[in-house]
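I am attaching a structure below and will ask some questions about it afterwards.
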Amino acid sequence: QVQLVESGGRLVQAGGSLRLSCAASGRTFSNYAMGWFRQAPGKEREFVAGISWSGGSTYYADSVKGRLTISRDNAKNTLYLQMNSLNPEDTAVYYCAAARSTYTIVVRKGSDYWGQGTQVTVSS
């Protein structure tokens, strides 16, 4: 089992920045590909960004390319999402995800483990 706990979500003004964190525990963090997903009110959960177990490969949804950056620190068992130039369309609950393969997260848009989510609200 892998336990994931997100933090860092809050209310921010449009154009602002935010960094989300996801602390992992349980199995060996560096064995897992990781990702961020989000779900806005009334919409399905969507893929935001993914990262390979080593951090050497990253993947992004077109809507966030150039504004959001995913990274990981395997020594700290922590996943990050740096969010810049935020706009109201980024308002959502953001979920951390862990999977045995990058394919699961990036192609299948799924995960083996999920966090409980953290709310990000961007005001106009």
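Along the sequence shown, the residues carry numbers beginning at 1.
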Non-hydrogen side-chain atoms of Leu4 and Trp114 separated by less than 4.5 Å: no
Non-hydrogen side-chain atoms of Thr91 and Val120 separated by less than 4.5 Å: no
From Arg72 atom CZ to Leu81 atom CG, the distance as rounded to the nearest 0.5 Å: 13.5 Å
Check: Arg38 and Asp90 side chains under 4.5 Å, non-hydrogen atoms: yes
Minimum side-chain heavy-atom gap Thr69-Met83 below 4.5 Å: no
Check: Ser123 and Leu11 side chains under 4.5 Å, non-hydrogen atoms: yes
Close side-chain approach of Gln3 and Gln116, heavy atoms under 4.5 Å: no
Rounded distance [0.5 Å steps], NZ in Lys109 versus CD in Glu46: 10.5 Å
Aromatic ring proximity, centroids under 6.0 angstrom, Phe29 and Trp53: no
Hydrophobic cluster identity match, Tyr32 and Leu79, side-chain contacts under 4.5 Å: yes
Separation of Cys96 SG from Met34 CE (nearest 0.5 Å): 3.5 Å
Atom pair CG (Asp62) and CZ (Phe47), whose distance is rounded to the nearest 0.5 Å: 10.0 Å
Approximate separation, where rounding is to 0.5 Å, of Arg10 CZ and Leu20 CG: 10.0 Å
Side-chain donor/acceptor of Thr28 to backbone N/O of Asn31, under 3.5 Å: no
Backbone N/O of Val93 and side chain of Gln39: donor-acceptor pair under 3.5 Å: no
Check: Ile70 and Trp36 side chains under 4.5 Å, non-hydrogen atoms: yes
Atom pair OG (Ser17) and CG (Leu86), whose distance is rounded to the nearest 0.5 Å: 6.5 Å
Close side-chain approach of Tyr95 to Arg45, heavy-atom, < 4.5 Å: yes
Hydrophobic cluster identity match, Tyr80 and Ile51, side-chain contacts under 4.5 Å: no
